[in-house]
> 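First the structure, which I've put down as structure tokens, then a few questions once you've had a look.
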Protein chains: 2
Amino acid sequence: MRNFSDTTLSNRTEHLVIIGSGWGAYRALRKIDQSKYRITVVSPKDYFVFTPFLTGASVGSIEDRAAIESIRNQQSGGMFFSDNQFSSLPHTGLLLKANTTIPVISNSSSLLASAIPNAKLDIELSYDKLIIACGAVVNTFNTPGVSEHAHFLKDVTDAQSIRSKIMSLFDEADIPGTSEERKRSLLHFAVVGGGPTGVEFLGELYDLVHNDLSRVFSKDLISHVSMSLFDVAPKIMCTFHPSLVEYTVGELQKRPFISIRTSTSISKISKDEIFVKSPKEEIVPYGFLLWATGVSPSQLTRSLASSPRIEGRPVIDSKSGRLLTDAYLRVMREESSKSVPFANVWAIGDCAGPEYPPTAQVAKQKGEYVGSLVNKLHLDNDINENRKIRPFVYKDRGYMAYIGKGKAVVGLSVIGKDLRLFSGKFARLLWDSAYLSMLTSWRNRVLVPLYWTLASWFGREISCIKKNPTIK
Amino acid sequence: MRNFSDTTLSNRTEHLVIIGSGWGAYRALRKIDQSKYRITVVSPKDYFVFTPFLTGASVGSIEDRAAIESIRNQQSGGMFFSDNQFSSLPHTGLLLKANTTIPVISNSSSLLASAIPNAKLDIELSYDKLIIACGAVVNTFNTPGVSEHAHFLKDVTDAQSIRSKIMSLFDEADIPGTSEERKRSLLHFAVVGGGPTGVEFLGELYDLVHNDLSRVFSKDLISHVSMSLFDVAPKIMCTFHPSLVEYTVGELQKRPFISIRTSTSISKISKDEIFVKSPKEEIVPYGFLLWATGVSPSQLTRSLASSPRIEGRPVIDSKSGRLLTDAYLRVMREESSKSVPFANVWAIGDCAGPEYPPTAQVAKQKGEYVGSLVNKLHLDNDINENRKIRPFVYKDRGYMAYIGKGKAVVGLSVIGKDLRLFSGKFARLLWDSAYLSMLTSWRNRVLVPLYWTLASWFGREISCIKKNPTIK
């Protein structure tokens, strides 16, 4: 095991390690005063994914890199990334190869150890403060076949895969001599999970087919397209206001080839068939399947609680599998069968705090909170003596979903006032401007509105860039 | 075998089949009058690659899709593409799976047959006129290990692979504890082939390292970077004017970490080592290797000449392996041991006409020529009776290469005048404007200059998007 310490830095600079690069990690990273901290980010990705733009990137409304922002640009030194081998687990969000070496968080010696398989060495990374923001993974509910055959929408690589998959399905269905039945199967786009992600994907896919593909493929071929939205719950978008749900369902059902199948549970997925268990047993052929249900804890989060090597083991919520945190988002640990917080370890985002939903909004606010907090705690971990430090308070700003055909549904929470509801084309403008205002990269601030404009003027770029399977 | 014929079209519309989607095919496609022809393009790609921009796309000077233009946007019907399975041969340019079913070109019945493996059916595609523009493949000169370990720069997928490979090498070298020797090996970027592609890649790579990576990685890490340009010839860029070569070599050698190794031949490539045969035997470790030598005929071109099933077999030049064509670029065939042209089959680009070099410029001019020609030959294949038809004449416009640090070398041929030579920053402006003027997509006309501007203002987008190995 090798020791990684940078002795050239002044003693006044503490070392802060952030695990993860999602909403929580990235927002914390941007808040932290780099004159006070030397920062090391440990993540399989060197970029932050602006998740609301993934659906757009998956149909070419924007280009893939407009949905990400480089983390490297945020700071000048001390970056550290786990390598290639982790990319073989693209959908897990797994940061450290927990199976090889159990990550060790030791309160006394402040060490984090992980295995870097390609480099064939273990890294010992000391820290003064640690922020765990390793996210969560897609919950397949142990449905057989999902990991192998379904697409997800967590990373920009997922969006790239989907974009080329859609086009290759149209290509295949367009081969002369393809049977009617096969055309219908190939062009059946199924979405499992009626939350905002699933609905937004359906909306964007509808736009792609309606505005762009219908111009280059024959009417006959387009007439074979169908889209289904499956949800096990009796209604879709259960976190949205009922009137917005009603509007959304009405809009979607107006579109000829979309069907909504609520109260429907799925027992198995094969390469090209969905096995529906209830309301009645049925086998539904499909060409493309997006699995957009909830999240479950990553292997890393689980291993933190189960490893016998961890001193002062973090406490995990038994139901959600998320790390328990105190009012200042510090990770709770067991000490002589009592729960006390680590003084210098925080956990934010989907891996922590079961009291809040696992959303980007929560992770963003927690990241900003912890970023400000550690700035105040420079060279000092004692929160009690710092009278100005307030506990984390979540401010619910509402919700938004694009539903296709230039329309969106938006519920805005203004503090002290009622929820304000918007739907239709004006809501789409709110959607656009809300997300544009959240971008932090100037590059994307320029490119995203331009991509939207180009897509509406000239259509989306629909070339099918097939993946190069020879990874060198 | 199934028959593909569209009976809804008027009798006045002839069916034109184009094999390929490169410079020749795309330029022909754009010239052809679609009121006269129903066009079917057969290609593993549904896009044209603007090859001069691939080097830029491989380092992030532009985004990947700015280096391609969709073929689907060029016409409204009758498109036809070979499918997935061909994408498993990304570097071959192979269009039809010649090993499964030998493509048949029959002069009498006007048929082209190919196998579509995934669809498990054979397609019979009748044509009135046929343009063969299937390109060529990278010539590895049968050097062992090249296909497995070297990168190429023929398709936009190659540029994507290179972009992520470069970043992952820097990542790996940056892992704490990596030995000095290993850092140097990982950060040795080798280019084999001193033509314009190899030189432009070195130039762009230099810019990436010098302008962008040096801002995010430590000085120590950057000091381990080296770049080598290998060529078996005694000098690089042998088609360029000697004074431009001298300027280029001088510029490259001024840069600290670039070395030019001419008169050097390579016997073998392993995963991380180059086996140099002469001038002296030597093993050179590397992290990345671009193979940018010449081209050789694709399997399809070869199979056209060797298949016993072809009636009136096309004649192949024995030395270059390219199809022989007449003055009107019609494919020559054997008839009672004489060579006569097919009346309705043309061949253009790298697969044909050994009298011209296999360059984009030649393919482009031939494509435009054949496009105009077939417009004149609508419902009539007899060239002799059409007095206004002139044979193809190639007009050499000169050459250009970007060499990094905002500099280029340009030799402009103006008809009736001497070659005019330019080098340095002004030549770079010529390079930019010449290529921008060749773009045919409005989307790219807007985006490419913007990408260049954004790269110079904010730096290149350097996130490492690792390939998603699970192809679904």
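Heavy atoms only: backbone and side chains are in, while hydrogens, waters and symmetry mates are out. Order of the sequence lines sets the chain letters (A, B, ...), proteins ahead of strands, with each chain counted from 1.
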> Thinking salt bridges, do B:Arg72 and A:Asp171 make one under a 4.0 Å N-O criterion?
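The answer is yes: the pair qualifies as a salt bridge.
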> Please classify the contact of A:Leu450 with chain B as side chain, backbone, both or neither, using a heavy-atom distance under 4.5 Å.
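Contact with chain B involves the side chain of A:Leu450 alone.
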> Could you give the distance from CZ (A:Arg65) to CZ (B:Arg163), rounded to the nearest 0.5 Å?
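A:Arg65 CZ to B:Arg163 CZ: 3.5 Å, rounded to 0.5 Å.
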> Among A:Ala455, A:Gly60, A:Gly459, A:Ser463, who wins on heavy-atom pairs under 4.5 Å with chain B?
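Going by pairs under 4.5 Å, I would pick A:Ser463.
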> If the condition is side chain to side chain donor-acceptor pair (under 3.5 Å), which residues does B:Asp64 pass it with, not counting sequence neighbours?
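Once residues adjacent in sequence are excluded, the partners of B:Asp64 under the side chain to side chain donor-acceptor pair (under 3.5 Å) criterion are B:Gln160.
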> Check the angle between the aromatic planes of A:Tyr451 and B:Tyr451 and answer parallel, tilted or perpendicular using the 30° and 60° thresholds.
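Geometry flag for B:Tyr451 against A:Tyr451: tilted rings.
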> For B:Glu180, give me all partners under side chain to side chain donor-acceptor pair (under 3.5 Å), at least two apart in sequence or on another chain.
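Expected list: B:His224.
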> Do B:Ile465 and A:Ile68 have side chains that get closer than 4.5 Å, going by heavy atoms?
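Sidechains of A:Ile68 and B:Ile465: in contact.
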> Heavy atoms only: give me the nearest A:Cys464-B:Asp46 pair and the separation to one decimal.
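Looking at all heavy atoms of both residues, the shortest contact is N-OD1, 2.9 Å.
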